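These notes concern the structure reproduced below.
Just so we're on the same page: letters track the sequence lines, and every chain starts at 1. Computed from a predicted structure; not experimentally measured.
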Amino acid sequence: MKKYFSRRYLGIPYMVFLILFVIVPVLVILYYALTNGEGQFTLSNLFGFFSSGYAIGTLVYSIFIASVVTLVCLLLAYPAAYILAKGRIRKSNVLLLLFITPMWINFTLRITALKEVLTAIEGNISYYPFLNTIIGMTYDFLPFMILPLYTTISKLDDTLSEAAQDLGAGSAKVFLKVTLPLSVPGIISGIMMVFLPAMTNYVILDMLYNSTFIMGSLIGSYFAAYDWHNGSMISIILLFIILLVNIVTGSFTDDGAGRRRAVL
Amino acid sequence: MKRAGYIIWLIIVLLFLYMPILMLTVYSFTDSESMGVIRAFSIENYKTLFTTPELRNMISGTFVLAVVSAVISVILGTSGAIGAFYSKKGAKTFIDSANQIPVVNADVVTGFSICILLIVVLNMKKETFIPLIIGHVVLSVPFVYMSVIPRLKQMDDALYEAALDMGAKPSAALRKVIIPQIAPGIFSGFVMAITLSLDDYFITTYTKPATFDTISTYVVNATKGAQTQIKTALWALSAVIFILITLAFIFMNMEPGKEKKNV
């Protein structure tokens, strides 16, 4: 008789679950993306995407929007994270929590609040679609940028910047040559947490002014039209972009697991 | 001087994050239908919120779904983490990598792919709630797994061996030795699972029964509708959630000597 019950058997249910509901769904959409209604292999969904001006326009526009949102988040969050980590502010850990707490309020409710405020300020929010898109997404994603930046910056070794100072570097030079390069891993995980959701979260746009000219919404509209094949193709293209971004950035981050909502 | 600049920057960012929800909280106690026009104090919105069956069902449905999917996620993710931790390298690498897929994937894609598999291919009925629950578990179980694994790494394995040597059954050793040591990880995984489920929109829309709504899907539909009574009742809901979170925040920080966890 075996003395030990092997603990590794406990992993079997989860492994089965992952295969059934994580791996198989990806294979199924891959199959749908590469077939037509009759189940025949075809690349027409792929060519269809790249020959449709609307689809390409959406892709380019989403990348553009996501880049602007990521940049704005970074510009707002980096100083905040730096101040919290190195500013010698009293109770900075409590303050950090304040920056993260908004994540616990349902994002559709937060966007509702923002929409009311923007309407009160601008009169009619449809006059400024681009500005409101950027404000809305920045508002929603900012906490996800602050957290990884804070984690990285607070781990930086102060003696390095002190050494640079002792060797005669001015404070701007110390920041550019020491602090900033060392915080790159945090910047990269922050970008990952903001850029990809910004490309796909079409609900924010939808709520702000009923327009959905963004990658994620293409899936939504094909879904509404019961067009599984083209919807799957968009999903696969998005998945490919996500994979690409992960491979490119993977070498820079401390822990790849960082993405989104790593609260608590 | 520098210090004042620091504080001002923090205040600007905090104002941006909190101003809308604070304003909405104030307006939820008035009878105005849009911001900017304060008329009079009123708790009408709160009456509507707590007495309209549609709203009450939607809120309780959201929380039941969150708890059910979080409990399943905790059981599956914890046992998965223990199993993977003691598995051979191949199986462990497989679970680790598959676990990352829903984490890095866009929620739209996750929701859409689960919907295609369960509803289109396997012809499962959305009304059974099974696709919805599976979807929410897929969303949150990786985070349970990721918060349990570090605890297993910190654990002293000799205690488990000692328990077995002294005659404890493996199941008892698991319950009394391993689980207590990884409990903090299980707990934070559970809280994360609840938060993710409550905040989800995309997986829910692709897998929910037509007559069921969570807060997210309900709010998105309500913002398009013209029913002002429902719209302002949702302000009251935001205010309630905001006030509860603020209270939790104050409570957490009042407790003296409590260790703060921000991983």
Side-chain angles (χ1 to χ4, degrees), chain A residues 4-5 7-15 17-18 21-26 28-29 32 76 79-80 83 87 89 93-94 96 98 101-102 104-110 112-114 116-117 119-120 142 196 200 203 207 216 219 223 228 231-232 235 238-239 242 246 257 259 261-264, chain B residues 6 9-10 13-14 17 20-21 23-24 34-36 76 79-80 82-84 86-87 91 95 98-99 101-106 108-109 112-114 116-117 120-121 134 138 146 170 188 191-192 195-196 198-199 201 206 215-216 219-220 223 234 237-238 241-242 245 249 253 260-263:
Chain A
Y4 290 154
F5 144 83
R7 283 170 285 186
R8 64 168 184 260
Y9 296 142
L10 282 171
I12 292 171
Y14 190 41
M15 209 189 277
F17 180 85
L18 285 174
F21 301 118
V22 173
I23 310 240
V24 172
V26 173
V28 167
I29 55 167
Y32 268 80
L76 282 173
I83 294 164
I89 304 276
N93 51 349
V94 178
L96 174 72
L98 262 185
T101 318
W104 293 340
I105 304 170
N106 184 296
F107 83 96
T108 57
L109 290 174
R110 278 191 292 138
T112 309
L114 184 71
E116 294 300 329
V117 171
T119 311
L142 190 58
L196 295 172
T200 55
V203 175
M207 288 180 72
I219 299 181
F223 177 77
W228 317 127
S232 298
S235 302
L238 267 176
L239 205 56
I242 291 165
N246 270 285
R259 208 202 122 192
R261 287 170 247 190
V263 217
L264 283 167
Chain B
Y6 280 180
W9 187 260
L10 291 184
V13 177
L14 279 177
L17 285 175
I21 202 90
M23 300 259 294
L24 203 71
S34 62
M35 267 184 203
L76 204 56
S79 59
I82 298 174
Y86 294 104
S87 289
I95 296 182
N99 189 70
I101 296 175
V103 178
V104 296
N105 203 350
V108 200
V109 178
F112 182 78
S113 64
I114 289 172
I116 294 289
L117 172 69
V120 179
V121 178
I134 290 179
V138 170
M146 290 193 311
S188 60
V191 176
M192 227 182 281
T195 328
L196 286 166
L198 290 179
D199 208 46
Y201 170 84
Y206 290 114
I215 293 178
S216 304
V219 171
V220 171
T223 45
L234 289 172
L237 176 62
S238 311
I241 294 176
F242 178 60
I245 286 172
F249 180 80
N253 289 298
K260 299 258 155 23
K261 296 183 297 176
N262 1 291
V263 178

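The contact between A:Ile242 and chain B is made entirely by side chain atoms (from C-beta outward), counting heavy-atom distances below 4.5 Å. When heavy atoms are compared at a cutoff of 4.5 Å, B:Leu14 approaches chain A by way of both its backbone and its side chain. Interface remark: A:Leu142 contributes side-chain atoms only to the contact with chain B (heavy atom separation under 4.5 Å). A:Ile29 touches chain B through its side chain: at least one heavy atom from C-beta onward sits under 4.5 Å away, while N, CA, C and O do not. Only the side chain of A:Leu18 comes within contact range of chain B, judged by heavy atoms closer than 4.5 Å.
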List the steps and the verdict of side chain to side chain contact (heavy atoms under 4.5 Å, CB included) for A:Asn106 and B:Leu198. CA-CA 7 Å; A:Asn106 184 296; B:Leu198 290 179; 5.5 Å; no

Is there a side chain to side chain contact (heavy atoms under 4.5 Å, CB included) between A:Tyr32 and B:Val121 once you walk through the steps? CA-CA 10 Å; A:Tyr32 268 80; B:Val121 178; 3.7 Å; yes

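Under the side-chain contact (heavy atoms from CB on, under 4.5 Å) criterion, A:Thr101 pairs with A:Trp104, B:Tyr18, B:Ile245, B:Phe249, sequence neighbours left out. With sequence neighbours excluded, the residues that form a side-chain contact (heavy atoms from CB on, under 4.5 Å) with A:Thr200 are A:Leu238, B:Ala106, B:Val108.
A donor-acceptor contact shorter than 3.5 Å is absent between the side chain of A:Asn246 and the backbone of B:Val104.
Expressed to the nearest 0.5 Å, how far CZ of A:Phe17 lies from OG of B:Ser79 amounts to 11.0 Å. Atoms CZ and OG, on A:Arg110 and B:Ser238 in that order, are 11.0 Å from each other to the nearest 0.5 Å. Taking CD1 of B:Ile114 as the reference point, atom CZ of A:Phe21 lies at 8.5 Å (rounded to 0.5 Å). Atom CZ of B:Phe242 and atom CG of A:Leu109 lie 12.5 Å apart (nearest 0.5 Å).
Ring orientation note: the planes of A:Trp228 and B:Phe112 are tilted relative to one another, at an angle of 30° to 60°.
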